[in-house]
Amino acid sequence: MSLKIVYSPIHKTHYPEREFFKGEFVKHVEVPERAQNIVKIFKGSSFEIVEPKLISLSDLYITHDKSYVEFIRKASFSTTREFLSNKYSFDTYTPITRGCFTASLVSASVAKHGSDLVISGEKLVYSLCRPPGHHASRNKMGGYCYFNNAAIAANNFSNHGKVAILDIDFHHGNGTQEIFYERNDVLYVSIHADPTHYFPYSSGFRTERGIGKGLGYNLNFPLAKGTNASTYILELKKGLMEIKKYKPEFLVVSAGFDTYLKDPIGGFDLSINCFQEIGMQISMLNLPTLVVQEGGYCVQDLGIVCQNILRGLNTLRG
Ligand code: Q9C
Ligand code: ZN
């Protein structure tokens, strides 16, 4: 099978050490080893690893406010020690580090470049983004996210036709939801842990369905702690049905692997094998697809989980 993976090692410049959680400092889980363990699996395989072209600032400003981008740039380049909270952050888990602007800009570039490849005719591309993006809104960072990579890709696709975003990260993609909440040219479908008990707590409920002309184009499927493969696949099929009805021309998959049973901060019960099934179900939409890496923190198994979902996604295309 032929599949392009967009990746740059520059993400390593962002190495957060700690986050502030429930009143204490804990070791940060969003570490460079995540992406390194994934890319390792693909070295020497038939998959082709390509380096991204750097995104232009004007492309970045389509999705994010200029003042927000400028703040991150200045703050990261001027800090010597990471700091956990600022006027543009909505939690204490997303530090400004010296490398966070560089890494985030490259991560956004990885997503944008992947979408350009799909626009020029590739059927399936994997953008190995790090840091992740789906919690970032136009002007707020949080949940380990700075720039919303999936939204940047979706905005690029939307110049060429209707887009659906399927978000299968364990956490609700509050940033992506917010960015497209009033739009009907980008459908957002998210399957995630019930926000009553899990991050981001304040969004991801079924009642959030969009506003204005965006009403009906935002669909949340919150699932209980401990959700197993059969329940998960059932709910996934419901989400896929909605995407099919929408008849998009492009699909962005916000792919988090924190739904995996061994994930240290997740809470679902999905085995390694389940990811091939998830990929296969999504592949049945038969749409030009960009997979954007989001969360997933079981560092040692991320490569194999990723390989399985991509295998599943490649089913129809061989
Ligand atoms: N110490 C993504 O998966 N929760 N973000 C912190 C753990 C924040 C997850 C509690 C989870 C953010 C992209
Ligand atoms: Zn997540």
Side-chain angles (χ1 to χ4, degrees), residues 11 14 16-35 37-38 82 84-85 89-95 97 100 103-104 107-108 110-111 127-137 140-153 165-179 188-204 220-223 225 227 232 252-268 270 275 278 291-299 301-302 305-306 309:
H11 70 86
H14 176 53
E17 276 161 24
R18 57 186 199 171
E19 54 189 269
F20 193 67
F21 179 62
K22 290 191 177 164
E24 56 179 353
F25 289 105
V26 296
K27 217 180 131 7
H28 214 286
V29 293
E30 203 292 286
V31 291
E33 289 78 4
R34 297 177 56 241
N37 265 33
I38 294 176
E82 64 180 50
L84 278 168
S85 167
S89 56
F90 69 81
D91 63 26
T92 52
Y93 317 134
T94 316
T97 65
C100 76
S104 301
S107 193
V110 166
S127 285
L128 208 187
C129 293
R130 179 182 176 271
H134 74 153
H135 296 304
S137 67
K140 284 271 185 297
M141 64 186 77
Y144 318 150
C145 303
Y146 305 82
F147 299 144
N148 195 315
N149 308 312
I152 288 164
I165 302 173
L166 173 66
D167 191 329
I168 55 170
D169 187 278
F170 179 77
H171 306 96
H172 177 244
N174 58 294
T176 313
Q177 166 169 302
E178 190 179 316
I179 289 167
Y188 180 66
V189 175
S190 180
I191 304 168
H192 51 263
D194 187 346
T196 312
H197 303 291
Y198 287 100
F199 186 86
Y201 307 108
S202 55
S203 77
N220 287 323
F221 294 82
L223 303 180
K225 177 181 174 146
T227 289
Y232 190 89
V252 176
V253 181
S254 257
F257 304 146
D258 35 13
T259 51
Y260 174 47
L261 61 87
K262 285 193 203 161
D263 193 276
I265 69 169
F268 285 170
L270 308 185
F275 287 84
I278 292 170
V291 180
V292 174
Q293 185 63 48
E294 300 286 359
Y297 309 97
C298 177
V299 172
D301 291 350
L302 283 182
V305 169
C306 182
I309 195 163

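As the structure is a prediction and not an experimental result, all values here were calculated from the model. Atoms within a ligand are numbered from 1 in the order they appear, just like the ligands themselves.
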Inset, instruction - Taking Arg130 for its side chain and Ala35 for its backbone only, find out whether a donor-acceptor pair lies under 3.5 Å. - result: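 Side chain of Arg130 to backbone of Ala35, a donor-acceptor pair under 3.5 Å: no, none is there.
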Inset, instruction - Answer yes or no as to whether an N/O/S atom of Asp169 is found below 2.8 Å from the Zn ion (ligand 2). - result: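 For Asp169, the answer is yes, given that an N, O or S atom comes within less than 2.8 Å of the Zn ion (ligand 2).
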Please tabulate, one line per pair, the protein N or O atoms found under 3.5 Å from any N or O atom of ligand 1, giving the distance to one decimal.
unit_1	atom_1	unit_2	atom_2	d
ligand 1	1 (N)	Glu19	OE1	3.1
ligand 1	3 (O)	His171	ND1	3.3
ligand 1	3 (O)	Asp258	OD2	3.0
ligand 1	3 (O)	Tyr297	OH	2.6
ligand 1	5 (N)	His135	NE2	3.3
ligand 1	5 (N)	Gly143	O	3.0
ligand 1	5 (N)	Tyr297	OH	3.3

Legend entry - Angle at the Zn ion (ligand 2) (to 10°), with one arm to OD2 of Asp258 and the other to ND1 of His171: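 With the Zn ion (ligand 2) as the vertex, the angle is close to 100°.
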Legend entry - Aromatic ring pairing Phe199/Phe90, orientation class (parallel under 30°, perpendicular over 60°, tilted between):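 Aromatic pair Phe199/Phe90 classed parallel.
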Legend entry - Ser190 and His172: side chain donor to acceptor below 3.5 Å: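 No, because no side-chain N or O of Ser190 sits under 3.5 Å from a partner of the opposite role on His172.
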Inset, instruction - Taking atom types as modelled, find out whether Ser107 and Asn149 have a side-chain donor-acceptor pair closer than 3.5 angstrom. - result: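 There is such a pair between these side chains.
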Inset, instruction - Answer yes or no: are there more than 12 heavy-atom neighbours, outside Glu178 itself, under 6.0 Å from its atom CD? - result: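 For Glu178, atom CD is not crowded (no more than 12 foreign heavy atoms under 6.0 Å).
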Legend entry - Contacts of Glu19 that satisfy side chain to side chain contact (heavy atoms under 4.5 Å, CB included) - sequence neighbours left out: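 Side chain to side chain contact (heavy atoms under 4.5 Å, CB included) check on Glu19 returns Val26, His28, Val29, Tyr93, Tyr144.
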Inset, instruction - Scan His192, Gln177, Glu294 and name whichever one has a side chain to side chain contact (heavy atoms under 4.5 Å, CB included) with His134. - result: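 Going through the options one by one, the only one that passes is Glu294.
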